[in-house]
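Everything below concerns the one structure shown next.
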Amino acid sequence: MNKFSVGGAIGFGWKRTWKNFWWLLLVGIIFTAINGAISLITLGGDMASVDLSSSASIQEQLEASGGVAFDLVGSIVQGLVTLFLALGVIRIALAVTSGDRVRIGRLWSFQGFGRYFLGGIIIAIIVGVGFVIPLVIGISISVATDQAAWAVILGVIGAVIAILLSLGFSLFGYVIIDKTAKGLSSLGESWRLVKPHFGGLLGLHILVALIILATFLVAVLLGILLIFVGLLVTLPVAGVLAFGIPAFALAYAYRTLAGEPVA
């Protein structure tokens, strides 16, 4: 049975990403197409109410016609769709760790979506409170003592708390799909799995972020060297790597921390 290691997770993510490259590219295209369509619908709804011959500015016309509200609805819909697809990616990644291949059909399932959505809101609130409370205390002390350093120090502490809380709940989506966890038990289970391995998982997230950054930097440089036309090749490749490696690496981390075998 595999044991969790940062190198093992990254190695698994790298190999499985290349093995499933074309399927992941298709998933990325679906992501982009759906979000792009929602953005175009929102933009079209806004511009339909704009009279270019009017003396009022476009912003004033949008506000008067409810364009701002339309933007808000579009953002909410886009956020829900992104969450839905993200849960589908978790479903795909867990299947790959079990030895299956990427199947696009796994994107289209509402199983666990309600719990994933509600859990995401609760996590956002907890993380937000963890960040804001130290920051507010720091600002209050700074105002009382006329020393700005307190706001900076406690702001940094708040950021660290927010990172640790986010990390502690980072596997709750995998628990929902793998264990069919009821209610919000996935949050507690994620924390239980992560707690003994905070350092390793923090290192994994940092390394994944660096790999994503390096991948896109290399893609842009190669694209420029190939007289910009190369960007049509290098950026999609970078996108697949930046998309696949984190998904499979985190699925590997979840499986190993949960004591489950990885194919």
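Quick caveat, the model's predicted, so the values are computed rather than measured.
Closest non-hydrogen pair, Ser166 versus Val127, comes out as OG-CG2, 3.5 Å. Phe4 approaches Ala253 most closely through the heavy-atom pair CE1-CB, 3.6 Å. Shown here for Ala9 and Leu204, the closest heavy-atom pair between the two residues is CB-CD1, 3.9 Å. Nearest heavy atom pair, residue Ser98 against residue Ala263, reads C-CB, 3.6 Å. The two residues Pro236 and Leu25 have their closest heavy-atom pair at CB-CD1, 4.3 Å.
Judged as a side chain to side chain donor-acceptor pair (under 3.5 Å), the pairs with a partner in residues 186-209 (not counting sequence neighbours) are, in order, Glu189-Arg192. Under the salt bridge (Lys or Arg N to Asp or Glu O under 4.0 Å) criterion, the residue pairs touching residues 80-100 are Asp100-Arg103, Asp100-Arg106, with sequence neighbours excluded. For the salt bridge (Lys or Arg N to Asp or Glu O under 4.0 Å) condition, no pair includes a residue of residues 118-139, sequence neighbours left out.
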Using the rule given for side-chain contact (heavy atoms from CB on, under 4.5 Å), can you reason through Asn20 versus Arg101, listing the C-alpha separation, both sets of side-chain angles and the distance that settles it, and then say yes or no? CA-CA 7 Å; Asn20 296 278; Arg101 63 178 178 82; 4.1 Å; yes
Determine whether Ile30 and Trp108 satisfy the following criterion, side-chain contact (heavy atoms from CB on, under 4.5 Å), listing intermediate values before the conclusion. CA-CA 11 Å; Ile30 292 172; Trp108 319 115; 3.6 Å; yes
Could you go step by step and tell me if Leu165 and Ile123 meet the side-chain contact (heavy atoms from CB on, under 4.5 Å) rule? CA-CA 8 Å; Leu165 288 172; Ile123 290 172; over 6 Å; no
Audit row: Thr17, Val240, side-chain contact (heavy atoms from CB on, under 4.5 Å) steps and yes/no: CA-CA 8 Å; Thr17 296; Val240 170; 4.0 Å; yes
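Going from atom CZ of Phe21 over to atom CG of Leu26 covers 11.5 Å, rounded to the nearest 0.5 Å. The line from CD1 of Ile176 to CD1 of Ile90 is 8.0 Å long, rounded to the nearest 0.5 Å. Atom CZ of Phe113 and atom CD1 of Ile177 lie 11.5 Å apart (nearest 0.5 Å). Here Ile163 contributes atom CD1 and Leu202 contributes atom CG; the two are 7.5 Å apart, rounded to the nearest 0.5 Å. Separation of atoms CG (Leu85) and CD1 (Ile92) is listed at 9.5 Å; rounding is to 0.5 Å.
In terms of modelled atom types and a separation under 3.5 Å, the side chain of Arg255 and the main chain of Thr97 share no donor-acceptor contact.
In this structure, Leu201 is a member of the same hydrophobic cluster as Leu164, with clusters built from ILVMFWY side-chain heavy atoms closer than 4.5 Å. Under the 4.5 Å side-chain heavy-atom criterion for ILVMFWY residues, no single connected hydrophobic cluster contains both Leu213 and Ile224. The same ILVMFWY cluster, assembled from side-chain heavy atoms under 4.5 Å apart, contains both Ile212 and Leu207. Transitive grouping of hydrophobic side chains (ILVMFWY, heavy atoms separated by less than 4.5 Å) keeps Ile125 and Phe131 in distinct clusters. A single hydrophobic cluster is seen to contain both Phe216 and Ile245, as judged by linkage of ILVMFWY side chains at heavy-atom distances under 4.5 Å, directly or through other members.
Among residues two or more places apart in sequence or in another chain, the salt bridge (Lys or Arg N to Asp or Glu O under 4.0 Å) test is passed with Lys15 by none. In this structure Tyr254 satisfies the side-chain hydrogen bond (donor to acceptor under 3.5 Å, both in side chains) test together with Asp178, sequence neighbours excluded.
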Contacts under 3.5 angstrom, residues 147-161 side chains, donor-acceptor by atom type, not counting sequence neighbours:
residue : atom : partner : partner atom : Å
Gln147  : OE1  : Trp150  : NE1          : 3.4

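Here Phe84 and Phe110 bring their ring centres to under 6.0 angstrom of each other.
Ring planes of Trp14 and Trp18: perpendicular class, angle over 60° (limits at 30 and 60°).
Here the side chains of Phe243 and Val89 are in contact, with some heavy-atom distance below 4.5 Å.
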